[in-house]
S.K.: 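Here it is, the structure in full.
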Amino acid sequence: MNFTLLAQIQELDKRLMQLAAVKGDLPEKVEQLKLEMENLSDERNEKKSSLEQTQKDLLHNKNETERLRDLLDKNQEKIYHVKTNKEYDAITTEIEIVERKIDETETATLELMVKEEQLKNEIDELDKRISGVREQLVANEKDLHEKMAETESEERILDYQRKQVLAKLNPRLISQYERIRHAKEGIALAIVNNYTCSGCFATIPAQTVLEIRKRERVIVCETCGRILITPEMEEKAVAELHVLDHH
């Protein structure tokens, strides 16, 4: 089995991880800030809608209060023209009902005015927060774009080389490599130096080392689960990649 090619993939992946490290946590920060902007904007839109509805209710109450006061004035005017006690009682009852409705409407209006003021303050506060997050987002996006510009060319070359090497490997071996790589923080291969696994420092039996040197099958460390290779395999892989880098 061609473990040199597998070691080349590992070397390319290490270089890609180093380039990713240059960007640090900027990609995550940018995504978090975008999400925060989205959430704050949604919250602002909800409060804006609530404010608009509150202002419609205030206008309605204002019109309703004016209507009721007009009605009250008319009823109070009628009271001077009644001719019977029955008419008088009916008018006074109507006046009491209208006055109660006016009180209820004015109380509701006061509550709406408090709500309106509160919503305006909350929207102003959200505007400040959105402005602050936007500034952070712009600054972080600028930093990220600069970092990406630094690494983009090299990443493209490494990705191309990786695809070229992958095309020469057995799909089942690639699958095993990828599974281990994702489980072991990007490092799927371990070198056996002096009968010791470079991945976890476990002792590797002499017979196992002999099997590794035969290159007949995949042998994994029983402790950390990484694919074991010899230093020579890694050295050859790095040397061959060095030649590719200069072509």
S.K.: Minimum heavy-atom separation for A190 and C197, please, with both atom names.
M.R.: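 Of all heavy-atom pairs spanning A190 and C197, the closest is CB-SG, 3.6 Å.
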S.K.: Answer yes if M37 and L144 sit in the same cluster of Ile, Leu, Val, Met, Phe, Trp and Tyr residues linked by side chain heavy atoms under 4.5 Å apart, and no otherwise.
M.R.: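 M37 and L144: one cluster.
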S.K.: Taking atom CD as the centre, does E222 end up with more than 12 heavy-atom neighbours from other residues, nucleotides or ligands that are less than 6.0 angstrom away?
M.R.: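 Not more than 12 within 6.0 Å, no.
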S.K.: Do the charged groups of K101 and E104 touch, with an N to O distance under 4.0 Å?
M.R.: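 No, no charged N to carboxylate O under 4.0 Å.
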S.K.: Hydrophobic cluster membership, with links at side-chain heavy-atom distances under 4.5 Å among I/L/V/M/F/W/Y: are L169 and Y160 in one?
M.R.: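 L169 does not cluster with Y160.
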S.K.: Please determine whether a side-chain nitrogen of the Lys or Arg among E232 and R215 lies less than 4.0 Å from a carboxylate oxygen of the Asp or Glu.
M.R.: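 Salt bridge: no.
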S.K.: Does any donor atom in the side chain of D57 or Q53 lie under 3.5 Å from an acceptor atom in the other side chain?
M.R.: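 Yes.
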S.K.: Using 0.5 Å steps for rounding, measure from the CD1 atom of I130 to the CG atom of N39.
M.R.: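 Taking CD1 in I130 and CG in N39, the distance rounds to 10.5 Å.
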S.K.: Is L51 close to Q55 at the side-chain level, that is, under 4.5 Å between some pair of heavy atoms?
M.R.: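 In contact.
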S.K.: Can E155 and K147 be counted as an ion pair, charged N to O under 4.0 angstrom?
M.R.: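 Answer for the salt bridge query: no.
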S.K.: Would you tell me whether Q118 and E122 have side-chain atoms, one donor and one acceptor, within less than 3.5 Å of each other?
M.R.: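 Yes.
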S.K.: Which pair of non-hydrogen atoms, one from R181 and one from A188, has the smallest distance, and what is that distance?
M.R.: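 In terms of heavy atoms, the two residues are closest at N-CB, 3.7 Å.
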S.K.: Determine yes or no for a side-chain-to-main-chain donor-acceptor pair under 3.5 angstrom, with S49 supplying the side chain and N45 the backbone.
M.R.: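 Yes, because the side chain of S49 sits within donor-acceptor range (under 3.5 Å) of the backbone of N45.
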S.K.: Would E111 and K115 count as a salt bridge (charged side-chain N to carboxylate O under 4.0 Å, His left out) if you check the C-alpha gap in whole Å, the side-chain angles of each, and the deciding distance to 0.1 Å?
M.R.: CA-CA 6 Å; E111 291 173 353; K115 183 179 180 181; over 6 Å; no
S.K.: To the nearest 0.5 angstrom, please state how far the CD atom of Q164 sits from the CD1 atom of I9.
M.R.: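 It comes to 10.5 Å.
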S.K.: Which pair of non-hydrogen atoms, one from R172 and one from N170, has the smallest distance, and what is that distance?
M.R.: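 Of all heavy-atom pairs spanning R172 and N170, the closest is N-OD1, 2.7 Å.
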S.K.: With rounding to the nearest 0.5 angstrom, report the CG to NE2 distance, N140 to H145.
M.R.: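 Answer rounded to 0.5 Å: 11.0 Å.
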S.K.: May I have the step-by-step check of side-chain contact (heavy atoms from CB on, under 4.5 Å) for I79 and I95, ending in yes or no?
M.R.: CA-CA 10 Å; I79 207 166; I95 287 172; 4.3 Å; yes
S.K.: Please evaluate residues V114 and L110 with respect to the criterion side-chain contact (heavy atoms from CB on, under 4.5 Å), reporting the C-alpha separation (whole Å), side-chain torsions for both, the decisive distance (0.1 Å), and the verdict.
M.R.: CA-CA 6 Å; V114 170; L110 286 172; 5.7 Å; no
S.K.: Carefully, step by step, assess K168 and N2 under the rule side-chain contact (heavy atoms from CB on, under 4.5 Å).
M.R.: CA-CA 9 Å; K168 302 173 186 176; N2 198 331; over 6 Å; no
S.K.: What verdict does the salt bridge (charged side-chain N to carboxylate O under 4.0 Å, His left out) test give for K74 and E94, after you've listed the backbone C-alpha separation in whole Å, the side-chain angles of each residue and the deciding distance to 0.1 Å?
M.R.: CA-CA 11 Å; K74 288 176 182 177; E94 181 65 22; over 6 Å; no
S.K.: With a 4.5 Å heavy-atom cut-off, do E146 and D143 have their side chains touching?
M.R.: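 They are in side-chain contact.
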S.K.: Backbone N or O of L26 within a donor-acceptor pair of the E31 side chain at under 3.5 Å?
M.R.: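 It does not hold such a pair.
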S.K.: Decide yes or no for R44 and L40: does some side-chain heavy atom of the first lie under 4.5 Å from some side-chain heavy atom of the second?
M.R.: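 No. Closest side-chain heavy atoms not under 4.5 Å.
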S.K.: Given side chains that start at C-beta, do those of P231 and N193 come closer than 4.5 Å, heavy atoms only?
M.R.: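 A side-chain contact under 4.5 Å exists here.
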S.K.: Is any side-chain heavy atom of D159 closer than 4.5 Å to one of L16?
M.R.: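 Yes - at least one pair of side-chain heavy atoms lies under 4.5 Å apart.
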S.K.: So do T105 and T109 actually touch side chain to side chain, heavy atoms under 4.5 Å?
M.R.: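 Yes; the side chains approach each other to less than 4.5 Å.
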S.K.: Around M113, counting heavy atoms of other residues, nucleotides and ligands shown, do more than 12 lie under 6.0 Å from its CE?
M.R.: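 Not buried by this count: 12 neighbours or fewer within 6.0 Å.
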S.K.: Decide whether I174 and L241 are clustered together by the hydrophobic rule: side chain heavy atoms of Ile, Leu, Val, Met, Phe, Trp, Tyr closer than 4.5 Å, transitively.
M.R.: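 Shared cluster, yes.
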S.K.: For C221, does its backbone N or O pair with a side-chain atom of T223 as donor and acceptor, under 3.5 Å?
M.R.: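 Not a single qualifying donor-acceptor pair exists.
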S.K.: Where do K14 and I187 land on the side-chain contact (heavy atoms from CB on, under 4.5 Å) test, with the steps shown first?
M.R.: CA-CA 8 Å; K14 283 180 182 178; I187 305 299; 3.9 Å; yes
S.K.: Can you measure from NE2 (H60) to CG (L58) and round to the nearest 0.5 angstrom?
M.R.: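 Going from NE2 on H60 over to CG on L58, the span is 11.0 Å.
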S.K.: Is a salt bridge present between R156 and E152, judged by a nitrogen-to-oxygen distance below 4.0 Å?
M.R.: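 Salt bridge between R156 and E152, a charged N being under 4.0 Å from a carboxylate O: yes.
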S.K.: Check the surroundings of atom NZ in K23: do more than 12 heavy atoms from other residues, nucleotides or ligands lie under 6.0 Å from it?
M.R.: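 It does: K23 NZ has more than 12 such atoms within range.
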S.K.: To the nearest 0.5 angstrom, please state how far the CG atom of L126 sits from the NZ atom of K47.
M.R.: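 Atom-to-atom, L126:CG and K47:NZ are 6.5 Å apart.
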S.K.: With a 4.5 Å heavy-atom cut-off, do R162 and L158 have their side chains touching?
M.R.: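 When only atoms from C-beta onward are counted, L158 and R162 do not touch, as no gap falls below 4.5 Å.
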S.K.: What pair of heavy atoms forms the shortest contact from T54 to L119, and how long is it?
M.R.: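 Looking at all heavy atoms of both residues, the shortest contact is OG1-CD1, 3.7 Å.
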S.K.: Which residue, D103, V98, I97, forms the side-chain contact (heavy atoms from CB on, under 4.5 Å) with R100?
M.R.: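 Exactly one candidate clears the test, I97.
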S.K.: What's the shortest heavy-atom distance between L189 and R226, and which atoms?
M.R.: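 For L189 and R226, the tightest heavy-atom pair comes out as O-CD, 4.0 Å.
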S.K.: Does one hydrophobic cluster hold both F201 and I180, with members joined at side-chain heavy-atom distances below 4.5 Å?
M.R.: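 No, separate clusters.
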S.K.: Using the rule that Ile, Leu, Val, Met, Phe, Trp and Tyr join whenever any side-chain heavy atoms are under 4.5 Å apart, tell me whether L19 and V30 fall into a single cluster.
M.R.: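 The answer is no; the residues belong to distinct hydrophobic clusters.
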S.K.: If I take atom CD1 from residue I227 and atom CD from residue Q176, how far apart are they, to the nearest 0.5 angstrom?
M.R.: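 Here the interatomic distance stands at 4.5 Å.
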S.K.: So does N121 have more than 12 non-hydrogen atoms from other groups sitting under 6.0 Å from CG?
M.R.: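 Yes.
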S.K.: So, are E116 and K120 salt-bridged, with charged N and O less than 4.0 Å apart?
M.R.: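 Counted as a salt bridge, because a side-chain N and a carboxylate O are separated by less than 4.0 Å.
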S.K.: Salt bridge or not for E211 and K214, using N-O below 4.0 Å?
M.R.: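 The answer is yes: the pair qualifies as a salt bridge.
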S.K.: Is I157 close to Q161 at the side-chain level, that is, under 4.5 Å between some pair of heavy atoms?
M.R.: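 Side-chain contact under 4.5 Å: yes.
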S.K.: Heavy-atom count around E66 CD within 6.0 Å, excluding the residue itself: above 12?
M.R.: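 Above 12, so yes.
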S.K.: Verify the neighbour count for atom CG of D124: are there more than 12 heavy atoms of other residues, nucleotides or ligands below 6.0 Å?
M.R.: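 Yes, because the 6.0 Å sphere around CG of D124 holds more than 12 heavy atoms from other groups.
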S.K.: Of all the heavy-atom pairs spanning N61 and A108, show the shortest one and how long it is.
M.R.: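 Heavy atoms of N61 and A108 come nearest at ND2-CB, 3.7 Å.
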S.K.: Are any side-chain N or O atoms of K184 and backbone N or O atoms of C224, one a donor and one an acceptor, separated by less than 3.5 Å?
M.R.: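 At least one qualifying donor-acceptor pair exists.
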